[in-house]
Visitor: 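First the structure, then my questions, so here it is.
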Amino acid sequence: MRRLALSLLNTGLALFLAFVLGAIAMWISGYDPLLSYKSMLLTPLSDLTYLFSALAFSAPILLTGLTFAVGLKAGLFNIGAEGQTYMGALGAVAAAYLTRDVSALPLAAFLGVAFAVAWSAIPALLKIWRGVNEVVGTIMMNWVAYWLVIMAVSTIFANPSQPEESVKMPEAARLTPLVAGTDLTLAVPLAYLTAVLIYVFLRYSVWGYRISISGQNPTVAKAYGIRPEQAVLVAFGIGALTAGLAGVLQVVARPPSYSLARNLANVYGLGFDGITAAMLGRGHPIGVLLASVFLGILQEGARHMQIEVGTPFEFIRVIQGLLILFLALQMLRKI
Amino acid sequence: MKVSLREIRKVFSDGTHALRGVSLDVFPGEVLALLGENGAGKTTLMKILSGIYRPTSGEIYVDGRRVKPKNARDALKLGIAMVHQHLSLIPGLTALENVAVLEGASLSPVSTELRRRVEKIAEELGFEIEWDRDVEELPLGMRQRVEIVKALYWGAQLLILDEPTTVLSPPEVKSLFQVVKRLKEQGRSVVYITHKIPEVMEIADRVVVLRRGLKSAEFSPPYDAKRLVEAMVGEVKTEAVERLGKPGERPVLEVKDLWVYDGDRAVVQGVDLVVREREILAIVGVEGNGQEHLVETIVGVRKRSRGMIKIYGGYAYIPDDRQKKALVLEMSLVENAIIGKENEFAKRGLISWQQAERFTAKLIEEFGIVAPGPWSSARQLSGGNQQKLVVGRELSRGAKLIVAHQPTRGLDVATTEYVQTLLIKTRNAGVGVLLVTSDLDEAYKIADTIAVMYRGKIVAYGPVEEMGIELVGKKMAGL
């Protein structure tokens, strides 16, 4: 209980500092911080359409956040969600390319997740066999995925009628908004359910337990028959599952385009937003859920801030960057 | 130099009352033994005197003058130095450089003047030290001597030795005692921290006993071992359990021609051994002669290079370092209690934490573990209770072989007794025990068979009745 209170206090402190420094940055640049924050934090809550849009933003952030959170449990600094999300989206686009009816939806899910898992297997195996640090391995794979997916979207999967994006999901295979006129699709409840499943997995499953033990103390794990390499593999695999799902959903359930932009705009940066969410949520799946909703609100709010107050959208990046910095400082101190 | 401590109290930030008001004098030219169990406060008290900890309250006087040493260097200026149980020389520097470097000072080239003075001090004490070798290459006994020379070089008049014999073989212990006597002849005082009664009886001019942060008694020669023990532990009530029956025939562990390398160094060199049912086989030896690699290869943590290991009927493992190798300190007792048997508590891949909690509660009761509750973290337990948790968990595996590596290290007398009794009882029930220990008393007390390990080899092996202490001591020292 005391630990929970302390960790909430720490998180609160990091948020507070990030917002204060963000305000100073706005003030120096000649924008009104108070009005900007009011517009950023309150407008999204003032209207159901805005709120649903914020929730739609939260879904992929949550899924990539879970990737990082599961990695942390296993003692890994798995920042591969970014590239795995690209690969998930690529899988969905490939499905759209292959079939033009409703069967594209299950095929998209299958291919997307399979691509992402295969992608994460490379840094995982490099770590297990050759001792390659997972940070190095996943960054490398992120960049390989980045250029590979851009190439695929610009060539075989290019949309002949709209060259700036890929082929679209066939209409029958799209997850359209649950409430007309909003961005809220099945992706949102699906992502939240995934968070709950991951929680159950980590808290109750034998493998979740083994991941925690080997993450905290691999020597102990080894001494009592738990193989840390297997835990690494499982953690990477589960992480790729959620990251891949994020990529798939960004194509099949993201109105209005239902495709992958050639510059990867609708998947770019999600993996890193997920790291913020995971750190803000202290690595706990439900914490990550709450954090991703908060980040979703910021994302949506930033647009309103730009329109209503004229403060540039980019300040949200400044605040998120500061937030990561303060949260990382706390993590470092613990180590 | 006369040093006086007055009403020293120390409360640590986690709320532990390590010292509850201890007063004590050390006179010039005397050997004062500070006797007590682990956790009695001996080391804390001396760390306060040597400037490493600050007291919560209380005063320190040197020759009647009030002093407040802020760090080890401060204390050294006053003439007080401490040789720690886990020696604190800097690896990568030679022995001589280690003498030259002082906390907070930069390392300057070693002058011939310094070398001459250091060699003179060593000669006076009868030390032969290879001054130009990296301290890491020196045996532990020699490193200890380097630390003693270092203290004297910097002008120590009062030398504190913290459990100095832990890392020594019997012949090294003898020569350490000679050194202590010589220091005394030079008019210096020595505070000798220990929990070993025979050592106290041999060298102490005076004994102060600490118990639970208080001075419980003070003795001068001639000493009565029984009264020393009583002052140390209060009243001990233990049922004596003896080994019943002869070891059986069937093996529970067979090791044949086992070789283990660490890098390109052969740490275990062709070890053969057999543990049978109802047998406690003790492997004794000075630490660092390959025991750790042997044990960790048997339980599968390390890879063997060559040879055969056969285990019949499963094993349980009590590692030598409970905090690093046996427990996940941040996790709860419940999570720690089911390590390695998590499947027994799972249905369709999901663990029933309720069932695990019931099991933990049973362990807590059966093994007398003092804990705030099953869901408190393992870190919150005292060392003794952590060990009881490990031992309880391992004995409840129902394995035919128990691999116990230093199972009583750092435990107080009562808990040591308890753990040893449990091992004997388990043995009597037909289980084989591989006990690896550097404590000869322990080996002679509970083992059926003794094997001596020296530089990666088993150099002597036989039933306890045939393995005299003289022989074992010699073999441990490689003679």
Side-chain angles (χ1 to χ4, degrees), chain A residues 1-7 10 69-70 72-76 128-131 196-231 233-235 237-238 241 282-285 330-331 333-335, chain B residues 292 295-303 311 314-332 334-356 372-373 375-380 386 389-390 393-394 397 399 403 405:
Chain A
M1 221 43 225
R2 201 171 140 235
R3 249 162 74 184
L4 180 69
L6 262 178
S7 113
N10 272 331
V70 173
L72 275 188
K73 270 279 179 207
L76 297 168
I128 292 168
W129 288 338
R130 308 291 315 165
V196 174
L197 288 179
I198 294 286
Y199 169 73
V200 171
F201 169 78
L202 289 175
R203 182 80 189 89
Y204 291 98
S205 79
V206 171
W207 271 106
Y209 173 77
R210 288 178 179 160
I211 285 175
S212 307
I213 297 275
S214 23
Q216 295 256 0
N217 190 333
T219 313
V220 170
K222 249 196 247 175
Y224 297 101
I226 298 168
R227 292 175 52 194
E229 315 87 62
Q230 288 183 351
L233 212 53
V234 173
I238 301 263
L241 231 58
R282 299 265 148 189
H284 188 291
Q330 293 173 357
M331 271 175 77
R333 212 198 50 193
K334 241 188 258 170
I335 295 163
Chain B
E292 189 179 351
V295 166
E296 296 190 353
T297 311
I298 289 173
V299 300
V301 174
R302 284 175 191 275
K303 286 203 182 86
I311 295 171
Y315 68 89
Y317 174 36
I318 304 170
D320 54 337
D321 188 335
R322 55 186 162 269
Q323 301 205 335
K324 289 205 183 96
K325 298 182 189 170
L327 296 172
V328 181
L329 293 179
E330 276 66 37
M331 288 192 173
S332 65
V334 178
E335 284 160 296
N336 273 292
I338 66 165
I339 295 180
K341 55 166 86 180
E342 60 273 8
N343 267 330
E344 292 171 32
F345 296 92
K347 259 191 209 139
R348 287 191 215 98
L350 293 184
I351 294 171
S352 158
W353 288 111
Q354 243 180 345
Q355 217 179 316
W375 290 104
S376 53
S377 74
R379 187 182 287 288
Q380 284 171 275
Q386 287 174 347
L389 176 64
V390 174
R393 174 183 80 200
E394 294 310 309
R397 278 190 209 283
V403 179
H405 191 186

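All values below were derived from every heavy atom in this structure, side-chain atoms included, with hydrogens, water molecules and symmetry-related copies excluded. Below, read A as the first sequence line, B as the second, and so on, with proteins coming before strands; counting in each chain starts at 1.
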Visitor: With B:Ser332, which residues qualify under side chain to side chain donor-acceptor pair (under 3.5 Å), at least two apart?
Guide: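 Only B:Glu335 meet the side chain to side chain donor-acceptor pair (under 3.5 Å) criterion with B:Ser332.
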Visitor: For the OH atom of A:Tyr224 and the OH atom of B:Tyr317, what is their distance to the nearest 0.5 Å?
Guide: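 OH of B:Tyr317 is found 6.5 Å from OH of A:Tyr224.
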Visitor: Please classify the contact of B:Arg322 with chain A as side chain, backbone, both or neither, using a heavy-atom distance under 4.5 Å.
Guide: neither
Visitor: Counting only heavy atoms closer than 4.5 Å, note whether A:Ile226 contacts chain B via side chain, backbone, both or neither.
Guide: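 For A:Ile226, the contact with chain B is made by the side chain alone.
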Visitor: List the steps, then state whether side chain to side chain contact (heavy atoms under 4.5 Å, CB included) holds for B:Phe345 with A:Tyr209.
Guide: CA-CA 12 Å; B:Phe345 296 92; A:Tyr209 173 77; over 6 Å; no
Visitor: Testing the basics here: between B:Ala346 and A:Val206, what is the closest heavy-atom pair and its distance to 0.1 Å?
Guide: CB-CG2, 3.3 Å
Visitor: Output the distance between atom CG (B:Leu350) and atom CH2 (A:Trp207), rounded to the nearest 0.5 Å.
Guide: 14.5 Å
Visitor: Heavy-atom distances under 4.5 Å only: say whether A:Arg210 touches chain B with side chain, backbone, both or neither.
Guide: side chain
Visitor: List for me each residue that meets side chain to side chain donor-acceptor pair (under 3.5 Å) alongside B:Glu292, sequence neighbours excluded, and say none if there are none.
Guide: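 Expected list: B:Lys325.
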Visitor: Distance from B:Leu329 atom CG to A:Asn217 atom CG, nearest 0.5 Å?
Guide: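 One finds 8.0 Å between CG of B:Leu329 and CG of A:Asn217.
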Visitor: Quick one: closest heavy-atom pair of A:Gln216 and B:Val328, and the distance?
Guide: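 What the structure gives for the nearest pair is CB-CG1, 3.4 Å.
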Visitor: I would like to know whether B:Met331 and A:Ile213 meet side chain to side chain contact (heavy atoms under 4.5 Å, CB included); could you show each step before the answer?
Guide: CA-CA 9 Å; B:Met331 288 192 173; A:Ile213 297 275; 3.8 Å; yes
